[in-house]
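What follows is one structure encoded as structure tokens, with my remarks underneath.
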Amino acid sequence: MDTYELNKIAGAILATALFIMGMQTLAGIVYTSHQPEELAYSIAVEEDAGDQSEPKDAEVKTVSMAEMLGTADMDKGAVVMKKCGQCHTWDKGGAKKIGPNLYGILGRSIASLADFPYSDALKAKAGETWTYEAMNTFLISPKKFAKGTKMVFPGLKKDSQRADLILYLRDQSDSPMAMPE
């Protein structure tokens, strides 16, 4: 094989490489992709930036459930509950979605609906009851309450939102649980 043949082979390889690179550049110009303005499936979560003036190691003020629920607003709880509506229903006899139906949840045993496939983390708490305190702890951070839960909701950081939601859930029952004292 002489050098003329080797030059033709090298030229063909270089021409092919240049053609491929040119086509990639041209395709990038012609077919540009844009990030959609709105995602197809979104979960509206209100984030709480917190009070930036307080130091992080400041003492946390604890409020009793009776105090929290005493100032709660059921109408605001219905608004907060709409965040849960993508995964849950809460009407009597309502269908299960990604999450179980929440009608009558307060006072019910955790992971007690027979026709719902709970995560192992919630099944481990099956002997416990959804009390006001348990629901409050769960709503602060579901992943901390039941490590390994399938629930992706990050939680509600504001006491007032949790109290409003718990009061609303209390009302979604045939026999609402007695208010804490």
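Residue numbers run from 1 in the order of the sequence given. Computed from a predicted model, the values in this text were never measured in an experiment.
Tracing side-chain contacts under 4.5 Å through hydrophobic residues (I, L, V, M, F, W, Y), one never reaches Val79 starting from Leu69; they form parts of separate clusters. In the hydrophobic cluster analysis, where Ile, Leu, Val, Met, Phe, Trp and Tyr join through side-chain heavy atoms closer than 4.5 angstrom, Phe116 is grouped together with Leu169. Under the 4.5 Å side-chain heavy-atom criterion for ILVMFWY residues, no single connected hydrophobic cluster contains both Val80 and Ile140.
Between Ile110 and Thr129, the closest side-chain pair of non-hydrogen atoms is not below 4.5 Å. Side-chain contact between Met81 and Leu102 is present, with at least one heavy-atom pair separated by less than 4.5 Å. Using a 4.5 Å cut-off on side-chain heavy atoms (C-beta onward), Ile166 and Tyr132 make contact. By the 4.5 Å heavy-atom criterion applied to side chains, Lys83 and Leu156 are counted as neighbours. A 4.5 Å side-chain heavy-atom check between Ser173 and Leu106 finds every atom pair outside the cut-off. Ile105 has its side chain out of reach of Trp90: every pair of non-hydrogen atoms, C-beta onward, lies at least 4.5 Å apart. Residues Arg162 and Met65 form no side-chain contact, since every pair of their non-hydrogen atoms from C-beta on lies 4.5 Å or further apart.
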Can you give me every donor-acceptor pair (side chain of residues 11-22, partner residue at least two apart or in another chain, under 3.5 Å) with its distance?
from  : atom 1 : to    : atom 2 : distance (Å)
Thr16 : OG1    : Ala12 : O      : 2.7

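Considering all non-hydrogen atoms of both residues, Ala146 and Ala121 come closest at O-CB, 3.7 Å. Across every non-hydrogen atom of Met177 and Arg170, the tightest pair is O-NE, 2.7 Å. Taking all atoms of both residues into account, the shortest heavy-atom contact from Pro180 to Ala66 is O-CB, 3.5 Å.
Panel note: side chain Glu67, backbone Ser64; a donor-acceptor pair is recorded below 3.5 Å. For the pair Lys143 (side chain) and Met151 (backbone), a donor-acceptor distance under 3.5 Å is present. With Lys150 contributing its side chain and Asp120 its backbone, the two residues share no donor-acceptor pair below 3.5 Å.
When each of Asp159, Leu167, Asp164 is checked for a side-chain contact (heavy atoms from CB on, under 4.5 Å) with Met68, only Asp159 meets the rule.
Once rounded to the nearest 0.5 Å, the distance linking CG of Asp73 with OG1 of Thr71 reads 9.5 Å.
Phe138 is linked by a ring-ring contact (aromatic ring centres under 6.0 Å, His included) to Trp130, Phe145, counting only residues two or more places apart in sequence or in another chain.
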Margin query: Please determine whether side-chain contact (heavy atoms from CB on, under 4.5 Å) holds for the pair Gln161 and Lys76, giving the CA-CA distance in whole Å, both sets of side-chain angles, and the decisive distance to 0.1 Å.
Written below: CA-CA 8 Å; Gln161 286 185 330; Lys76 288 181 181 177; over 6 Å; no
Note to self: As a quick check of understanding, evaluate side-chain contact (heavy atoms from CB on, under 4.5 Å) for Leu113 and Tyr118, giving each step before the final call.
What the structure shows: CA-CA 9 Å; Leu113 294 179; Tyr118 292 97; 3.4 Å; yes
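No more than 12 heavy atoms of other residues, nucleotides or ligands sit less than 6.0 Å from atom NZ of Lys92. A 6.0 Å sphere centred on NZ of Lys144 holds no more than 12 heavy atoms belonging to other residues, nucleotides or ligands.
Among pairs with a residue in residues 101-115, those fulfilling side-chain hydrogen bond (donor to acceptor under 3.5 Å, both in side chains) read Thr89-Asn101, Tyr103-Asp174, at least two apart in sequence or across chains.
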